[in-house]
Every structure is written in C-alpha cells, then in structure tokens.
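We count ligands from 1, going down the list as the structure has it; atoms in each ligand are counted the same way. Nothing here was measured: the structure is a model prediction, and the numbers come from that model.
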Amino acid sequence: MVIAALGVLPEYQNSGIGKSLITKVEAEAEKILKKRLLVSTSNDDLPALAFYQSLDFKIYEVKPNVIAEKHGKIMSGVGGLPIRDEIRLRKVLE
Ligand SMILES: CC(C)(COP(=O)(O)OP(=O)(O)OC[C@H]1O[C@@H](n2cnc3c(N)ncnc32)[C@H](O)[C@@H]1OP(=O)(O)O)[C@@H](O)C(=O)NCCC(=O)NCCS
C-alpha cells in the first residue's frame, strides 16, 4: 500500500496524530493482506525522515536529483535545504 501524502497542520504536529494515522493505515493494509507500506519523501525533510524511521520504516532506495529534474529547478525546502532527491522508505508488515 502506498502512502501518497501525509500532512498534519503545524499547530497539531508532535502530538501523536501522524503516528495514529499511520497505525490506522497499517491496520487497513493488513486487513486486505498487503505486505508493505511504501512512502517517499525528499532529502530536505529531516522531520519526516525521523518520523517514518521512528515508526519502523526503513530507507530502501534513494533517487538522486529526480525531484529537481521533475520541477526543472531546485526549490528551497525544510530549513532552506535544496530539494533534490527522492528518498523511498518501506515498512514490511508481519
Ligand atoms: C511528518 C508529520 C506527518 C509527522 O506527524 P506528527 O503528528 O507531527 O508526528 P507524531 O506526533 O505522531 O510523531 C510520532 C513520532 O515521530 C517522531 N517525530 C515526529 N516529528 C519529529 C521531528 N520533527 N523530529 C524528530 N522526530 C520526530 C517522534 O519519534 C514521534 O514519537 P514521540 O512522540 O513518541 O517522540 C508532520 O510533522 C507533518 O505533517 N509534516 C509536514 C508535512 C510532511 O513533511 N509530510 C511528510 C512528507 S511525505
């Protein structure tokens, strides 16, 4: 199952909502016998990388520069870091 987009409004972040949403998605995925949860994020998004890894997602692929190429320019991301690379993570379901 692919998680296409996940966002919690800034004023509600760090209060367990993201974790709770992923737990629910995981339960739904298991119900329909999916074997993996997949998600991708960008190189700048260190909070999201920490978030997913804290929930047992592991990086399995890095696609250097694909986001920069897709947009034809380098945008500024979290903390002013350049957004370049796609980082793919997955969680294997039991
Ligand atoms: C990433 C995001 C979805 C996390 O949602 P959240 O509701 O803030 O996260 P939670 O409160 O459920 O955090 C769960 C765990 O993730 C980790 N975590 C979350 N944010 C973190 C951060 N900024 N730095 C380090 N760890 C973090 C913590 O370990 C936390 O566990 P704890 O509360 O027991 O310490 C949210 O910050 C967000 O919407 N960010 C902007 C959009 C985005 O980047 N989306 C993902 C792109 S794919």
Side-chain angles (χ1 to χ4, degrees):
M1 184 175 278
V2 176
I3 298 165
L6 173 66
V8 175
L9 289 171
E11 60 268 37
Y12 296 107
Q13 288 177 8
N14 297 310
S15 58
I17 295 172
K19 183 176 179 175
S20 161
L21 288 169
I22 294 290
T23 304
K24 286 189 195 315
V25 167
E26 197 175 322
E28 289 301 316
E30 281 174 341
K31 246 189 245 173
I32 57 171
L33 305 179
K34 296 291 179 187
K35 303 223 179 304
R36 288 177 293 275
L37 287 182
L38 304 176
V39 71
S40 61
T41 186
S42 48
N43 60 287
D44 61 301
D45 201 344
L46 307 183
L49 280 167
F51 169 74
Y52 287 117
Q53 290 182 90
S54 80
L55 297 174
D56 294 330
F57 283 76
K58 294 186 173 65
I59 294 171
Y60 70 95
E61 196 171 29
V62 177
K63 296 287 206 181
N65 222 35
V66 291
I67 300 177
E69 280 167 10
K70 185 176 165 194
H71 291 280
K73 60 178 178 184
I74 294 183
M75 294 173 300
S76 177
V78 176
L81 289 171
I83 307 177
R84 300 179 199 279
D85 318 309
E86 183 178 311
I87 298 179
R88 299 180 176 174
L89 300 102
R90 71 180 162 211
K91 179 168 183 174
V92 176
L93 303 176
E94 300 303 322

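When all heavy atoms are compared, the tightest approach of Ile74 to Arg84 is CD1-NH1, 2.9 Å. Nearest heavy-atom pair across Asn43 and Pro82 is ND2-O, 2.9 Å.
Using a 4.5 Å heavy-atom cutoff, the side chains of Leu49 and Leu89 are in contact.
Annotation: ligand 1 has protein neighbours Leu6, Gly7, Val8, Gln13, Asn14, Ser15, Gly16, Ile17, Gly18, Lys19, Ser40, Asp45, Pro47, Ala48, Ala50, Phe51, Tyr52, Ser54, each with a heavy atom less than 4.0 angstrom from the ligand.
Using a 4.0 Å cut-off between a side-chain N of Lys or Arg and a carboxylate O of Asp or Glu, Glu61 and Arg88 qualify as a salt bridge.
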- Task: Show the numbers, then the answer: is there a side chain to side chain contact (heavy atoms under 4.5 Å, CB included) between Leu21 and Leu6?
- Result: CA-CA 9 Å; Leu21 288 169; Leu6 173 66; 3.8 Å; yes

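Counting heavy-atom neighbours within 6.0 Å of Glu94 CD, excluding the residue itself, gives a total of 12 or less.
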